[in-house]
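One structure below.
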Amino acid sequence: MKPTIEYIEKKFGEFNHLIFDDRLPLLPIQLSNAKTFLGMLVYKKRRTLFGKLELYDFRLRISIRLDLPENEVEDTIIHEMIHYYIHFNGIKDTSAHGKVFRQMMNDINLRFGRNITITHKSTPEQKQQLAGTRKRWHVVAVVKFHDGRSGIKVLPRIRQRIIAYRNGVLMSREIKSVDFYITNDPYFNTFPNSSALKVHILDASEYEPHLQRQLSEKVLSINN
């Protein structure tokens, strides 16, 4: 299902009464077409006259890009309501999903039979929904480690950035090799495109069928 604002407001009221003892004021609901999140609590920050940090202007954003089962939509709403409860009441936590969040989440899952998780993980089918079938050209780095692990990184199609990524990654003694491919397989649409020195660890059987033409050292103008 793809929830409406009316549906989310209704569920917010139900869960506020059932789980949060009606302690949360209704906040503006915004629908989003984002592919990077299912739900997100947003707010502004300001300093009070006495220098205390204050959070205000809370809003709840729910992505409708995916057609999800209703229980997953509900769990997403509750997940963000936990964030709202913590921030609205000025409760200090160890991190965004720290001890307080985890304790509340586990308690709600146990008491109400929910399946709320720390991260909103997408299934392969959901990722395919997000990516669509439109073909876009990607440069994909295949990184192999000495311990047998491997992974990929989708990079901008800019030679200088590709070279900088290769040189940066190979500075690590853990890395055995880095190879580059150019492909328009939609499989890679789901991965972030940036020059950050990161590797998405995957089994080679997951990504190798989607690779196409390997870029040559000559094309990249890379010297060892």
Side-chain angles (χ1 to χ4, degrees), residues 1-48 52-132 189-192 194 196 198 200-202 206:
M1 66 170 296
K2 293 188 177 182
T4 63
I5 290 179
E6 291 74 19
Y7 172 87
I8 298 169
E9 288 179 343
K10 177 184 176 183
K11 288 298 178 180
F12 182 97
E14 291 178 4
F15 297 139
N16 190 25
H17 179 72
L18 179 66
I19 300 173
F20 298 95
D21 298 322
D22 293 314
R23 295 179 181 177
L24 294 176
L26 181 63
L27 72 175
I29 308 294
Q30 299 173 338
L31 301 181
S32 170
N33 198 40
K35 64 180 181 179
T36 56
F37 65 86
L38 299 180
M40 179 183 294
L41 177 73
V42 297
Y43 49 82
K44 297 178 181 178
K45 300 179 181 180
R46 63 188 172 196
R47 291 285 179 182
T48 66
K52 182 180 179 181
L53 183 64
E54 180 180 66
L55 307 183
Y56 71 104
D57 194 16
F58 291 96
R59 288 162 288 157
L60 176 59
R61 291 179 183 167
I62 298 293
S63 176
I64 56 172
R65 194 178 183 94
L66 286 177
D67 188 0
L68 297 174
E70 184 172 11
N71 66 304
E72 292 188 32
V73 175
E74 292 179 340
D75 286 343
T76 297
I77 294 171
I78 300 172
H79 177 116
E80 300 309 324
M81 290 179 74
I82 297 174
H83 283 304
Y84 184 30
Y85 183 91
I86 292 171
H87 290 311
F88 181 78
N89 290 286
I91 301 172
K92 292 185 178 181
D93 204 351
T94 54
S95 64
H97 296 103
K99 293 182 178 179
V100 176
F101 184 97
R102 291 169 184 266
Q103 183 176 350
M104 292 183 64
M105 178 189 72
N106 292 333
D107 180 62
I108 292 170
N109 284 339
L110 182 63
R111 291 172 56 205
F112 301 100
R114 306 304 314 186
N115 190 35
I116 307 162
T117 59
I118 294 298
T119 57
H120 302 299
K121 295 181 179 179
S122 299
T123 65
E125 292 76 15
Q126 291 167 355
K127 288 183 178 179
Q128 187 61 35
Q129 285 188 54
L130 289 175
N189 292 357
T190 61
F191 295 91
S194 75
K198 295 182 178 180
H200 300 284
I201 304 298
L202 297 169
E206 294 186 47

Residue list, side chain to side chain donor-acceptor pair (under 3.5 Å) with [X], at least two apart or on another chain:
{"X": "R46", "result": "E54"}
{"X": "E14", "result": "K11"}
{"X": "D107", "result": "R111"}

Side-chain contact, heavy-atom cut-off 4.5 Å: [X] with [Y]?
{"X": "L55", "Y": "K44", "answer": "no"}
{"X": "D21", "Y": "N16", "answer": "no"}
{"X": "Y56", "Y": "H87", "answer": "no"}

Carefully, step by step, assess M81 and I19 under the rule side chain to side chain contact (heavy atoms under 4.5 Å, CB included).
CA-CA 10 Å; M81 290 179 74; I19 300 173; over 6 Å; no
Which distance, rounded to the nearest 0.5 Å, do you find between the [atom1] of [X] and the [atom2] of [Y]?
{"X": "Q30", "Y": "S63", "atom1": "CD", "atom2": "OG", "answer": "12.5 Å"}
{"X": "L38", "Y": "T76", "atom1": "CG", "atom2": "OG1", "answer": "5.0 Å"}
{"X": "I82", "Y": "I91", "atom1": "CD1", "atom2": "CD1", "answer": "11.5 Å"}
{"X": "I78", "Y": "N109", "atom1": "CD1", "atom2": "CG", "answer": "8.5 Å"}
{"X": "M105", "Y": "L110", "atom1": "CE", "atom2": "CG", "answer": "11.5 Å"}
{"X": "I62", "Y": "L41", "atom1": "CD1", "atom2": "CG", "answer": "10.0 Å"}

What orientation do F191 and H200 show, parallel under 30°, tilted 30 to 60°, or perpendicular over 60°?
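The arrangement is tilted - the two ring planes meet at 30° to 60°.
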Candidate pair I116 and N106, rule side chain to side chain contact (heavy atoms under 4.5 Å, CB included), full reasoning
CA-CA 8 Å; I116 307 162; N106 292 333; over 6 Å; no
ring-ring contact (aromatic ring centres under 6.0 Å, His included) pairs, two or more places apart, involving residues 91-113
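Those involving residues 91-113 are H79-H97, H79-F101, H83-H97, H83-F101, H97-F101.
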Please, which pairs that meet ring-ring contact (aromatic ring centres under 6.0 Å, His included) have at least one residue in residues 9-35, sequence neighbours excluded?
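As it turns out, the ring-ring contact (aromatic ring centres under 6.0 Å, His included) pairs with a partner in residues 9-35, which skip direct neighbours, are F20-Y85.
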SB check D75 R114 (cutoff 4.0 Å)
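Yes, charged N to carboxylate O under 4.0 Å.
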Tell me if a side-chain donor or acceptor on [X] pairs with a main-chain N or O of [Y] at a distance below 3.5 Å.
{"X": "Y84", "Y": "L60", "value": "no"}
{"X": "R61", "Y": "S32", "value": "no"}
{"X": "D57", "Y": "Y43", "value": "no"}

Side chain to side chain contact (heavy atoms under 4.5 Å, CB included), that's the test. Do L68 and M1 meet it? Break it down for me.
CA-CA 5 Å; L68 297 174; M1 66 170 296; 5.7 Å; no
Return each pair, listed once, that meets salt bridge (Lys or Arg N to Asp or Glu O under 4.0 Å) where at least one residue sits in residues 85-102; pairs must be two or more places apart or across chains.
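For residues 85-102, and leaving out neighbouring residues, there are no salt bridge (Lys or Arg N to Asp or Glu O under 4.0 Å) pairs at all.
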V73/I77 under side chain to side chain contact (heavy atoms under 4.5 Å, CB included): CA gap, chis, key distance, verdict:
CA-CA 6 Å; V73 175; I77 294 171; 4.2 Å; yes
Ignoring hydrogens, what is the shortest heavy-atom contact between I8 and P3? Give both atom names and the distance.
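Between these two residues, the closest heavy atoms are CG1-CB, 3.9 Å.
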